[in-house]
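Structure first, then comments.
No hydrogens, no waters, no symmetry mates; every other heavy atom, side chains included, goes into these values. Quick caveat: nothing in here was measured; it's all calculated off a predicted structure. FYI, the numbering just counts along the sequence from 1.
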Amino acid sequence: MADPAPHAAGQAVAGPHLTELAQEQAAAAALEAGRLLFAAECRFFFGAQKLDQLPPLTGTEIAFAGRSNVGKSSLLNALTGRNSLARTSSEPGRTRQLNFFDLGGRLTLVDMPGYGYARASKDIKADWQGMMFDYLRGRPSLRRVMLLMDARIEFKQADHDVMELLDRAAVTFQLILTKIDSVKPATLAAKIHATEALARSHAAAFPHILPTSSETGDGIAALRGELASLAG
């Protein structure tokens, strides 16, 4: 009778390799889904300055938020492959409305006003405690908020305030690091570790951190894949 041990040992060795292969295939499939999604036309279709001006619910919405000058417009432009889809204001803190973009009829991208700009007027800051909170709390189609953090600088009190607001609104948010091309590898590794710890401290935070650079394209494909997994 043949010794079954070699066969069993072979299975034990093959298991991890099969799992690794399955993970690689899943990652490749996610990247391809993201590529296909963002190959579609993305167009601006609505801007709302008041809650009663919001467009009708049409499908899954993903909102992008972050401090003024965090690189939100550049990231949206990099994601969609367009240079002027989202325009960067010459005066941070000026954009006060929710801008809605349709991506191929499958996903709505929502560009939220920047927050935390030192010279922003009190009513702009109040928007985040008023209209923005009401939007976050009361929009059934909102699947996730992508909360951008500048990889080059420390977390600000405004960031903590917005994360607490998202916790209260019970809206899942995911932390996206921007401008990683300007950070040395060791510093970036430490920043990612600190950002992961920050995410763990918030009930509404999604645990997976995505480092990105709009300049070099690093992380853009992975972010597209993440968004494709949320699309209708």
Inset, instruction - Let me see the working for Asn99 and Val110 under side chain to side chain contact (heavy atoms under 4.5 Å, CB included), right down to the final yes or no. - result: CA-CA 6 Å; Asn99 290 316; Val110 185; over 6 Å; no
Inset, instruction - Kindly indicate, with the supporting measurements, whether the criterion side chain to side chain contact (heavy atoms under 4.5 Å, CB included) is fulfilled by Leu198 and Leu175. - result: CA-CA 9 Å; Leu198 180 62; Leu175 296 175; 4.2 Å; yes
Inset, instruction - Could you go through the side chain to side chain contact (heavy atoms under 4.5 Å, CB included) check for Tyr135 and Leu51 one step at a time? - result: CA-CA 7 Å; Tyr135 165 72; Leu51 201 62; 4.2 Å; yes
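One distance of note links OG1 of Thr178 with CG of Leu210; it measures 12.0 Å at 0.5 Å rounding. Cys42 SG to Leu109 CG: the interatomic distance, rounded to the nearest 0.5 Å, is 5.0 Å. The CE atom of Met131 sits 9.0 Å away from the CG atom of Asp134 when rounded to the nearest 0.5 Å. Rounding to the nearest 0.5 angstrom, the gap separating the OG1 atom in Thr195 from the CG atom in Leu147 is 10.5 Å. Taking CG of Leu31 as the reference point, atom CD1 of Ile220 lies at 12.5 Å (rounded to 0.5 Å). Put simply, CG on Leu230 and CZ on Arg106 are 11.0 Å apart, with the number rounded to the nearest 0.5 Å.
Each of Leu57 and Leu107 belongs to its own hydrophobic cluster when Ile, Leu, Val, Met, Phe, Trp and Tyr are linked at side-chain heavy-atom distances under 4.5 angstrom. Cluster annotation: Met163 is not connected to Phe206 through the hydrophobic network of ILVMFWY side chains, with a link wherever side-chain heavy atoms come within less than 4.5 Å. Taken together through direct or relayed side-chain contacts under 4.5 Å among Ile, Leu, Val, Met, Phe, Trp and Tyr, Met146 and Phe44 form part of one hydrophobic cluster. With hydrophobic clusters built from ILVMFWY side chains whose heavy atoms lie under 4.5 angstrom apart, Leu98 shares a cluster with Phe46.
You'll find the side chain of Leu142 reaches within 4.5 Å of the side chain of Leu136, heavy atoms only. The side-chain heavy atoms of Leu227 and Phe38, taken from C-beta on, include a pair separated by under 4.5 Å. Contact of the Pro207 side chain with the Glu196 side chain is not registered, since no non-hydrogen atoms from C-beta on lie closer than 4.5 Å. Residues Leu177 and Ile209 meet the side-chain proximity criterion, which asks for heavy atoms closer than 4.5 Å. Val145 is not listed as a side-chain neighbour of Thr172, based on a closest heavy-atom distance of 4.5 Å or more. Side-chain contact check for Phe100 versus Asp102: every heavy-atom pair is 4.5 Å or farther apart. Side-chain atoms of Lys156 and Asp161, non-hydrogen and from C-beta on, never get closer than 4.5 Å to each other. Contact of the Thr60 side chain with the Ser141 side chain is not registered, since no non-hydrogen atoms from C-beta on lie closer than 4.5 Å.
Taking Phe155 as the reference, nothing meets the ring pair (Phe, Tyr, Trp, His ring centres under 6.0 Å) condition, with sequence neighbours excluded. With sequence neighbours left out, the side-chain contact (heavy atoms from CB on, under 4.5 Å) criterion links Ala27 to no other residue. With sequence neighbours excluded, the residues forming a side-chain contact (heavy atoms from CB on, under 4.5 Å) with Arg152 are Asp150, Lys179, Ser182, Val183, listed by chain and number. Remark: Ala205 pairs with Phe173, Ala199, His202 by the side-chain contact (heavy atoms from CB on, under 4.5 Å) rule, at least two apart or across chains. Residues passing the side-chain contact (heavy atoms from CB on, under 4.5 Å) test with Glu24 are Glu20, Leu21, sequence neighbours excluded. For Lys191, the salt bridge (Lys or Arg N to Asp or Glu O under 4.0 Å) criterion is met by no residue, not counting sequence neighbours.
For residues 45-58, no residue pair satisfies the salt bridge (Lys or Arg N to Asp or Glu O under 4.0 Å) rule, not counting sequence neighbours. Here side-chain hydrogen bond (donor to acceptor under 3.5 Å, both in side chains) pairs that include residues 213-224, with residues two or more places apart or in two chains, are Asp181-Ser213, Ser213-Thr216, Thr216-Asp218. Residues in residues 139-148 take part in these salt bridge (Lys or Arg N to Asp or Glu O under 4.0 Å) pairs, two or more places apart or across chains: Glu61-Arg139, Arg144-Glu226. Within the structure, salt bridge (Lys or Arg N to Asp or Glu O under 4.0 Å) contacts touching residues 25-47 (residues at least two apart or in different chains) are Glu32-Arg35.
Here the shortest heavy-atom pairing between Met112 and Ala65 reads SD-CB, 4.1 Å. The shortest heavy-atom contact between Ala40 and Leu103 is O-CD1, 3.9 Å. Between Leu37 and Ala231, the shortest heavy-atom contact is CD2-CB, 4.2 Å. Of all non-hydrogen atoms in Lys72 and Gly66, the two that sit nearest each other are CE-N, 4.2 Å.
A donor-acceptor contact closer than 3.5 angstrom is absent between the side chains of Gln157 and Asp159.
Judged by the 6.0 Å and 45° rule, Arg67 forms no cation-pi pair with Tyr115.
Around the NE2 atom of His193, the shell of radius 6.0 Å holds no more than 12 heavy atoms that belong to other residues, nucleotides or ligands.
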